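Just so it is clear, the model here is predicted, and its values are computed rather than measured. Numbers here simply count residues along the sequence, with the first being 1.
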Amino acid sequence: MSATTEALSQSAHNEALDAPVHIGAVSLRVRDLAGLTAFYRDAIGLSVIDQAGGHAVLGVAGEPLVKLEAGAQHPSSAAGLFHMAILLPSRRDLGNWLRHAAETRIGLEGASNHLVSEALYLSDPEGNGIEIYRDRSRPEWPRLDGGRIAMATERLDLDALLRDADGRAYSGMPESTVMGHVHLRVGDVGQAEGFYRDALGFEMMVHYPGASFMATGGYHHHIATNTWHSRGAGPRRDNEAGLASFELVARDAEAHAALSRRMAASGGDTASTVDPWGNRITLRG
């Protein structure tokens, strides 16, 4: 399939959500609630769903993706959010967002072809990392001997991506945009695997030096962890800026019950738990 043909294809199938458990909304604790709300609305392209008092909820088609909470009292420590990853439905949509970023001078920090996906990277005004990406279809994902997914970080051709934009005025992120994954900074990858894989039941998908990528349902990753700038980091403090929590969403009652039991056994309760660095995870189903 050519890039242009692929760009015009709008499949209803979503690889990230085709799983027993996937990522829901990501909550950030912020210093400048009004400024961050404007950024996620105008620069990223989310719609304000709710805004009152000390919080704002933004998303797509009424589905919350980013929740902002006022009241950050301490700078973010070494552990916490590396990036949240907003998944667009198609390559054309990614091209549209890139053109919007170029026209409005939104600074990018990276752009990568990961073989299974194509991704653009930036940070919000308070330093929270954001990935905006699109998935290749699952049959296109390269495989290693034994069937494991192959991922890499290769150069993304931005000029080619811009050519696949549709040229219309940008009107925000399209329907079917979801939160595809979260990538966390942790103090120890092995300890992170012990929590997310062994305690919560995610499957190990890919190892990078200093990083691991885990998922349910055969997705390339719903949760990633790395120690690239946080090796040996301890627990985060209360009321730190940055990640406040993120949701895990169960596909059905069976998956919900299984994850609820795992959360309680991990030291939390049936609706929430915290990882070894104080990152809070809540269950929605």
Side-chain angles (χ1 to χ4, degrees), residues 9-27 46 49 57-67 81 83-90 93 114 116-117 131-141 147-149 151 173-184 192-193 195-206 212-225 243-275 279-285:
S9 175
Q10 288 275 42
S11 172
H13 185 76
N14 187 301
E15 301 292 353
L17 271 57
D18 187 16
V21 176
H22 62 85
I23 303 299
V26 174
S27 296
L46 301 178
I49 297 171
V57 178
L58 298 99
V60 173
E63 178 66 20
L65 298 183
V66 177
K67 298 180 179 180
L81 184 69
H83 61 242
M84 67 181 109
I86 299 173
L87 175 58
L88 298 177
S90 74
D93 295 313
H114 292 304
V116 297
S117 63
E131 174 182 343
I132 298 176
Y133 76 114
R134 72 97 184 182
D135 275 331
R136 290 186 166 92
S137 65
R138 196 168 297 210
E140 295 178 277
W141 296 355
R148 279 194 170 271
I149 294 168
M151 292 174 61
M173 291 198 156
E175 291 191 19
S176 301
T177 297
V178 300
M179 190 65 69
H181 64 267
V182 292
H183 193 150
L184 304 173
E193 292 174 3
F195 180 81
Y196 287 102
R197 179 194 61 200
D198 302 338
L200 295 191
F202 284 79
E203 179 185 359
M204 183 58 55
M205 303 304 294
V206 177
S212 59
F213 298 78
M214 294 164 275
T216 71
Y219 189 53
H220 52 75
H221 67 295
H222 290 107
I223 295 174
T225 64
L243 182 66
S245 65
F246 65 91
E247 293 177 338
L248 296 179
V249 181
R251 179 170 61 190
D252 53 33
E254 181 180 2
H256 188 282
L259 184 54
S260 181
R261 290 192 296 268
R262 285 181 174 273
M263 282 186 159
S266 74
D269 56 39
T270 57
S272 68
T273 190
V274 294
D275 74 9
N279 297 306
R280 178 160 294 279
I281 304 107
T282 62
L283 174 58
R284 177 165 67 91

Which heavy atom of Ser117 sits nearest a heavy atom of Tyr133, and at what distance? CB-CD1, 3.8 Å
Between Arg136 and Val116, is there a side-chain heavy-atom distance shorter than 4.5 Å? no
Please name the pair of heavy atoms, one in Pro20 and one in Ala255, separated by the smallest distance, quoted to 0.1 Å. O-CB, 3.6 Å
Show the nearest heavy-atom pair for residues Ser176 and Asn14, with the distance to one decimal. O-ND2, 4.0 Å
Shortest non-hydrogen contact from His222 to Gly180? CD2-O, 3.8 Å
Quick check for you: to the nearest 0.5 Å, what is the distance between Leu184 atom CG and Met84 atom CE? 11.5 Å
When rounded to the nearest 0.5 Å, the distance separating CG of Asp135 from CG of Leu88 is 10.0 Å
Is any side-chain heavy atom of His256 closer than 4.5 Å to one of Leu283? yes
Report yes if some heavy atom in the side chain of Pro64 is under 4.5 Å from a heavy atom in the side chain of Leu58; otherwise report no. no
Rounded distance [0.5 Å steps], CD1 in Ile149 versus OH in Tyr219: 9.5 Å
Are any of the side-chain heavy atoms of Ile86 and Met179 separated by less than 4.5 Å? yes
Basic-acidic side-chain contact under 4.0 Å: Arg284, Glu63: yes
So does Ala199 get a backbone contact from the side chain of Arg262, meaning a donor-acceptor N/O pair under 3.5 Å? yes
Find the distance between CE (Met214) and CZ (Arg197) and round it off to the nearest 0.5 Å. 8.0 Å
In terms of heavy-atom contacts, Ser90 and Arg134 come closest through O-CB, 3.7 Å
Donor-acceptor contact below 3.5 Å, side chain Thr216 vs main chain Val21: yes
Between the CG atom in Asp269 and the OG atom in Ser260, the distance rounded to the nearest 0.5 Å is 8.0 Å
In this structure, which one of Thr282, Leu65, Val182 forms a side chain to side chain contact (heavy atoms under 4.5 Å, CB included) with Glu247? Thr282
Side-chain heavy atoms of Ile23 within contact of Ile223, under 4.5 Å: yes
Check for a donor-acceptor pair, side chain of Glu15 on one end and backbone N or O of Arg138 on the other, with a separation under 3.5 Å. yes
Nearest-0.5 Å distance, CG of residue Asp275 to OG1 of residue Thr225: 9.5 Å
Evaluate the criterion side chain to side chain contact (heavy atoms under 4.5 Å, CB included) for residue pair Leu248 and Phe202; output intermediate values, then yes/no. CA-CA 11 Å; Leu248 296 179; Phe202 284 79; 3.9 Å; yes
Contact summary for Ser272 and Arg280, nearest pair of heavy atoms: OG-NH1, 3.1 Å
Side chain to side chain, Ile281 and Tyr196, heavy atoms closer than 4.5 Å: yes
Working note: Leu46 + Met173, criterion side chain to side chain contact (heavy atoms under 4.5 Å, CB included); need CA distance, chi angles, decisive distance, verdict. CA-CA 6 Å; Leu46 301 178; Met173 291 198 156; 3.8 Å; yes
Consider ring-ring contact (aromatic ring centres under 6.0 Å, His included). Of His220, His183, His114, His181, which one does Phe213 pass it with? His183
